[in-house]
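For reference, the structure is listed below as C-alpha cells.
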Amino acid sequence: MSVTVYGVAPKSKAARARIHTGDILHTINGHPINDVLDYRFYMLEPTLVLTLTTVKGKSRRCTVRKGESEELGLEFETYLMDRQRGCTNHCIFCFIDQLPSGMRESLYFKDDDARLSFLFGNYITLTNLKDADIDRIIAMHISPINVSVHTTDPALRCRMMGNRFAGDSLRHLYRLSENGIRLNCQLVLCPGWNDGEALRRTLRDLTALPSVQSICCVPLGMTRYREGLTPLTPFDAASAAAVLDIIEPVGEHCLRERGDRLVYPADEFFVLANRPIPPYSYYGEFYQIENGVGMLASLRQEFFDALAEYPAGQGGCSCSIATGTAAYPFLCTLTAEAKKMFPQLDCRVYEIKNDFFGHSITVAGLLTGGDIGRQLAGKPLGSRLLLSENMLRQEGDRFLDDLTPQELSEALGVPVRVLPNTGGALVAALRGDE
C-alpha cells in the first residue's frame, strides 16, 4: 500500500526536494509506507531515501537530509493516512450501544485502533489485530499501549465481549509483554460477571507480567437506553466496597514487591463505597488519570497548592459551579476551603442529575448542556457559571447534546466559563482572576 501526498508545507524539506501534492509516496529507506505509524517511525532518520510516483505518473527517487527531530513536511488527507479501524466486538457493557438515537454521528463510531492507542491514548481490545500487527508494534517498539482487558479468563472474555476470538487474542497481550511493550490495562467491571473471583484471577495474571505498568478498574456505566441489551446490575455501596477490598491488598503487595501499587480503582468506586479519596501519593505516576483514576486526588492537591500561593483575606467573586452527582460533595469541600481564604467569595455548587442518560450516570463528563440549563433555570448563579472542560468534546465547543456553552449562557442569562480540569484554574476562578 502507498499513500498520496495531500499537501506540502512551504519551505519544508519536502518542498525543497520538489515533492508535490498528488505525488504517491511508496517507501522511506526501503520500508513501505502504509499509514501514520510507518511514516512517523521511518521519518526520524537524518537521511531519507524516498521512492515516489509523481503526479504525472513517473517513478522517482529522492534523498532528503534533515535534523533527527525535524519534520519532513508532507501532509496527508487524514491523520492516520488510511481509514480508522472500528470495533468488531459486542461488549455487554458497551456505552455506545446505550446511546439514544439522534445524537451527532461521530458519537456512534466504535474505535478500536492500535495506532490511536499509541498516539492519543485510546484503549484497544486486541481482537482485530493480526500477528503481523503485533510484529510491527514490537519492531517499532510502540509503547505504551492501552489495552481493554476486562478479564484474563478466555471463555469469560468471549462472553463479555461478544466475540469468539476475544479469548484467543489475549495471546497478543502476553506477547507484547514478553517483548517489553509497556501496557496500561483497563478492566470495566460488571457485578456478577468479572468481579469477585474472576477479578482476583485477572489481577494475579496481569500483575505477573513485568511490562504492565498500570491496571485500572472502572465500573460499568448504565444509561436508561438499554432496551434489548444484556441485563446488568449497577454497582452500589456494598458491591463497590467489595471491589475495593479485592484491589487494595493486591496494590499493597505490588507496592512492597515492585515499588509501585500497579492496580488502581477508579474514583467512582471510592465515591460509591462512601470511602475517602486516597492521597495524591497513592496514585504514583497517574498513568490512567484520563480514565478517572486519581482525578479527584490530583485536583485536590493542585487546588491546595494553588490556594497556598495567595494571601489570605483578599479576593473572591460571586459565582456558581455545576457538576455531577459523584463530584458534588468533593467540590463543596473545596469551595468551603476557598471561602476561608477569600472573604468576598460567594459560590454555590449545584448538583446536576443526569436526566438525559439516567441517574445512575453520575460523572460530570457525561452531563449535557440541556440538563444543566433546565436544572439551573431560575437559580441564583452569581456573576458567572463555572464548568469543567470535561463536559465538552475535545474541541471544547459542544456538550454531548450539541448545545454550546454560548447557547447555555444565553439560556441562563449569565456568562459561562469553562475551566481546565486543574486545581489551579479553579482557585483562580474562585478568587475572581480573569
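Remember, predicted model here, so these are calculated numbers, not experimental data.
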_CA sep, side-chain torsions, deciding dist, call: Asn184, Ser214, side-chain hydrogen bond (donor to acceptor under 3.5 Å, both in side chains)_ = CA-CA 5 Å; Asn184 294 312; Ser214 70; 2.7 Å; yes
*Under 3.5 Å, side chain of Thr207 to main-chain N/O of Leu203, donor-acceptor pair present?*
yes
*Quick one: ring pair (Phe, Tyr, Trp, His ring centres under 6.0 Å) partners of Phe399, sequence neighbours excluded?*
none
*Centroid-centroid under 6.0 Å between Phe76 and Tyr39 rings*: yes
*Can Glu45 and Lys66 be counted as an ion pair, charged N to O under 4.0 angstrom?*
no
*Does the pair Arg157/Asp153 count as a salt bridge with the N-to-O cut at 4.0 Å?*
no
*Less than 4.0 Å between a side-chain N and a carboxylate O, is that true for Glu351 and Lys353?*
yes
*asked:* Between Thr362 and Thr325, does the side-chain hydrogen bond (donor to acceptor under 3.5 Å, both in side chains) criterion hold? Intermediate values first, please.
replied: CA-CA 5 Å; Thr362 62; Thr325 301; over 6 Å; no
*asked:* Measuring from atom CD1 of Ile372 to atom CG of Leu385, what distance do you get when rounded to the nearest 0.5 angstrom?
replied: 7.0 Å
*Spell out, as yes or no, whether a donor-acceptor pair under 3.5 Å connects the side chain of Asn291 to the backbone of Val293.*
no
_Note: Asp245-Arg275 ion pair, threshold 4.0 Å (strictly below)_ = yes
_Check Asp260 with Arg258, please: is the shortest side-chain N to carboxylate O separation under 4.0 Å?_
no
*Do Thr202 and Asp205 have a side chain donor and acceptor closer than 3.5 Å?*
no
*asked:* For Tyr283 and Tyr264, take the angle between the two ring planes, folded into 0 to 90°, and tell me which bin it lands in: parallel under 30, tilted 30 to 60, perpendicular over 60.
replied: parallel
*Take Arg175 and Asp135 through the salt bridge (Lys or Arg N to Asp or Glu O under 4.0 Å) test and state the conclusion after the steps.*
CA-CA 10 Å; Arg175 186 160 171 243; Asp135 290 341; 2.4 Å; yes
List the atom pairs, donor and acceptor, that lie under 3.5 Å between side-chain atoms in residues 408-416 and the rest of the protein, sequence neighbours left out.
from, atom 1, to, atom 2, distance (Å)
Ser409, OG, Val414, O, 2.7
Glu410, OE2, Gln406, NE2, 3.2

_Lys130 backbone acceptor or donor facing Asp133 side chain under 3.5 Å_ = yes
*Would a distance-only check, ignoring hydrogens and angles, find a side-chain to backbone donor-acceptor pair under 3.5 Å from Glu302 to Gly423?*
yes
*Can a salt bridge be assigned to the pair Lys340 and Glu337 using a cut-off of 4.0 Å between side-chain N and carboxylate O?*
yes
*Could you tell me the separation between the CZ atom of Arg182 and the CD1 atom of Ile145, rounded to the nearest 0.5 Å?*
10.0 Å
*Can any side-chain N or O of Glu389 pair as donor or acceptor with the backbone N or O of Asn421 at less than 3.5 Å?*
yes
*Hey, is Asp355 close enough to Arg374 for a salt bridge, meaning N to O under 4.0 Å?*
no
*asked:* What's the separation between atom CD1 in Ile142 and atom CZ in Phe41, rounded to the nearest 0.5 Å?
replied: 8.0 Å
*Ignoring hydrogens and angles, tell me if any N or O in the side chain of Asp195 forms a donor-acceptor pair with the backbone of Leu189 under 3.5 Å.*
no
*Report the distance from atom CG of Asn146 to atom CD of Gln288, rounding to the nearest 0.5 Å.*
6.0 Å
